[in-house]
Protein chains: 2
Amino acid sequence: MVVYAGQGDPRRSIELLWRGSTVENRPGPKPGLSVDAIVDAGIAVADEQGMAFSMRAVGERLGRTAMALYTYVPGKNELVDLMYDRTMAELPTSYPLDDGWRPAVTQWAHDMWEFYGRHPWVLQVSQARPVLGPHEFAVTEELARILVSTGLPGRRLRGIVGAINYFVRGAAQTIVEARAAGGATGEADEEWWYARSAVLLEIQPDLEKKFPMLHLLETDREPIDPTLPYLENDALENFRGGLKVLLDGVEGAVAKP
Amino acid sequence: MVVYAGQGDPRRSIELLWRGSTVENRPGPKPGLSVDAIVDAGIAVADEQGMAFSMRAVGERLGRTAMALYTYVPGKNELVDLMYDRTMAELPTSYPLDDGWRPAVTQWAHDMWEFYGRHPWVLQVSQARPVLGPHEFAVTEELARILVSTGLPGRRLRGIVGAINYFVRGAAQTIVEARAAGGATGEADEEWWYARSAVLLEIQPDLEKKFPMLHLLETDREPIDPTLPYLENDALENFRGGLKVLLDGVEGAVAKP
DNA sequence: TCCAATACTTTACGCCATAAAGAATCAACG
DNA sequence: CGTTGATTCTTTATGGCGTAAAGTATTGGA
């Protein structure tokens with residue numbers, strides 16, 4: 001299940017995102033938890049166990065039952081929203097433009113790529129309905145700021161911002177899920193690929209003849225960095241190459257009106 | 001939950017994908033179903049109800065219990081794999097190159113975009129572990145074929161193929177999920193956005209000053225086609241713009257060595 | 001005719017999110 | 001100082017999910 005953002009009461013969600021919890025002097029037992037603590041626990045659990053994290057797991061990590069969380073947070077969806085936005089706080093929001101927009105965008109993209117690698121579950125949070133939280137805003141604002149310095153009009157930049165976002169996300173997703181495929185250890189990785197490929201070639205021996213272009217793409221390789229596992233090499237190379245082409249396109253748009 | 005492809009026995013999965021079910025004369029009652037029928041039912045259910053489709057629902061549509069499906073298919077993951085690959089069969093796999101690669105790629109991308117619109121659940125199927133089915137191969141092979149005609153070496157094309165895929169997927173995801181946000185009818189769409197935005201502006205009145213670049217991007221609009229709903233306009237415009245930039249980048253790569 | 005394989009159902013298990021109700025705790029008011 | 005009412009947290013229960021296990025009915029071949 002992709003987690004859709006903000007199914008619940010929009011007011012409550014947005015207040016939580018932008019205001020945090022307002023604590024006054026109220027009757028009743030002192031709260032033993034806080035929204036912040038719950039969000040942090042949620043992030044920790046998700047980082048460890050992926051999106052299979054559950055309210056039970058988050059509660060357990062805090063020494064409570066799952067239901068205790070519902071005192072602070074309307075439901076799982078809203079918690080995910082908060083986790084999503086909170087995590088984004090760790091991204092830089094100020095890139096120097098001294099060398100122009102291109103190095104800045106490149107750095108932004110690489111940071112984003114690494115961010116997704118650190119928090120794979122973020123990629124599962126629905127994208128289209130933006131969470132509309134402050135940190136997500138800040139991160140996108142920064143990309144916009146960098147790109148505005150190209151001089152291109154906003155109406156053209158919107159597609160570009162989207163393209164860069166989609167690209168980084170997609171590329172990150174590829175590597176992240178490929179890693180996950182290997183299992184918890186991250187080691188059985190190549191074996192998994194190998195098992196699949198072997199069976200595939202056994203069943204379809206003439207695969208390379210049936211799909212000659214894919215074969216061509218697969219086999220025309222640059223020398224790889226032997227210190228990295230195969231998949232990381234592959235993904236990083238493709239990421240750099242794709243980003244380069246994308247930014248070349250932007251450059252073209254900047255050059256001619 | 002994003003549905004990961006192929007958790008089970010790789011041999012069984014791949015055989016199902018590439019060979020279909022082998023039916024001989026065996027003892028026991030005649031099968032009342034077939035893998036094909038189940039896959040079709042699965043696609044129908046998913047098209048209607050989104051990824052919340054369940055084994056029970058698929059079984060029901062065929063007048064069986066959920067467990068009956070397990071006679072034909074190892075599990076839900078494998079069924080999703082089969083659905084995924086089967087759906088892709090409806091995509092064209094031969095674009096004319098008479099006018100060069102660019103119109104062909106553009107058409108490929110638009111077809112893909114519409115495909116995702118027809119089958120939104122496909123976007124939820126895990127990307128990174130490719131399903132490795134014949135139709136997915138064919139679709140990607142075709143994109144590769146088009147791009148090989150640019151004369152670029154395979155090693156450079158790999159990043160480009162990735163970038164185009166990610167972009168189309170991302171852009172489609174945005175519009176598809178935005179549609180879904182509106183609810184089953186697809187009508188409450190703008191209202192949903194409006195509700196969120198209104199609350200956001202109420203809580204953060206100086207939003208536009210805090211994020212001036214986003215504001216700039218948002219407000220610099222082209223005249224829109226009044227026959228389409230707002231969101232479709234927006235998404236389509238961004239899709240075209242982003243794709244153009246991306247392909248400009250490819251063109252740049254083609255021009256200079 | 002009987003055996004063994006097959007198709008399918010029923011039942012059950014362990015997850016999940018979360019609704020509903022109850023127990024314990026505390027500030028404020030009479 | 002005792003009571004009230006709000007608040008935190010637990011317990012229990014509901015209805016969903018994928019699928020394991022066991023049972024029943026059906027069939028081709030020996």
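In what follows, every heavy atom counts, from backbone to side chain, and hydrogens, waters and symmetry copies are set aside. Chain naming here is simple, since letters A, B, ... match the order of the sequence lines and numbering starts at 1 in each.
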Report task. Report yes if at least one side-chain N or O of Y72(A) is closer than 4.0 Å to OP1 or OP2 of dT8(D); otherwise report no. Result -> no
Query raised in the report: Nearest nucleotide by nearest heavy atom, which residue falls closer to the 5' end of DNA chain C, M67(A) or R56(A)?
Result: R56(A)
Report summary line: The answer to which of G28(B) and L33(A) contacts DNA chain D further toward the 5' end, by nearest nucleotide, is L33(A)
**Report entry** Nearest-Å distance for atom pair OH/C1', residues Y70(A) and dT12(D)
**Finding:** 15 Å
Query raised in the report: Below 4.5 Å, heavy atoms only, C-beta onward: do V39(A) and V73(A) meet side chain to side chain?
Result: no
Query raised in the report: Would one find a side-chain N or O of S54(A) under 4.0 angstrom from OP1 or OP2 of dC16(C)?
Result: yes
Query raised in the report: dT18(C) C1' sits how many Å from N77(A) CG, rounded?
Result: 12 Å
Query raised in the report: Would you say a side-chain N or O of R26(A) is under 4.0 Å from OP1 or OP2 of dA6(D)?
Result: no
Requested in this report: Measure centre to centre between the rings of H110(A) and F239(A), then say whether the value is under 6.0 Å.
Outcome: yes
Query raised in the report: At under 4.0 Å, does any side-chain N or O of K30(B) touch on OP1 or OP2 of dG28(D)?
Result: yes
Report task. Using a strict cut-off of less than 4.0 Å between a Lys/Arg side-chain nitrogen and an Asp/Glu carboxylate oxygen, indicate whether K210(B) and E141(A) qualify as a salt bridge. Result -> no
Requested in this report: Establish, with yes or no, whether the OP1 or OP2 oxygen of dT10(D) is under 4.0 angstrom from a side-chain nitrogen or oxygen of T65(A).
Outcome: yes
Report summary line: The residue, P29(A) or A68(A), whose nearest nucleotide of DNA chain D is more 5′ is P29(A)
Report task. Could you check how far CG of L79(B) sits from P of dC17(D), rounded to whole Å? Result -> 15 Å
Query raised in the report: When you match R64(B) and P74(A) each to their closest nucleotide on DNA chain C, which lands nearer the 5' end?
Result: R64(B)
Query - Short side-chain N/O contact from K76(B) to OP1 or OP2 of dG18(D), under 4.0 Å - result: yes
**Report entry** Whole-Å distance separating the CD atom of Q49(A) from the C1' atom of dC16(C)
**Finding:** 14 Å
Query raised in the report: Nearest-Å distance, CG (L69(A)) to P (dT8(D))?
Result: 13 Å
**Report entry** Protein-nucleotide distance (L62(B), atom CG; dA7(C), atom P), rounded to Å
**Finding:** 15 Å
Report summary line: note: E60(B), atom CD; dT9(C), atom C1'; distance rounded to Å ~ 14 Å
Report task. Would you kindly give the CE-to-C1' distance between M55(B) and dG16(D), to the nearest whole Å? Result -> 15 Å
Report summary line: When V35(B), D40(B), D81(B), L17(B) are each screened for side-chain contact (heavy atoms from CB on, under 4.5 Å) with R86(B), the one that passes is D40(B)
Requested in this report: Measure the acute angle between the ring planes of Y166(B) and F167(A), then classify it against the limits of 30° and 60° as parallel, tilted or perpendicular.
Outcome: tilted
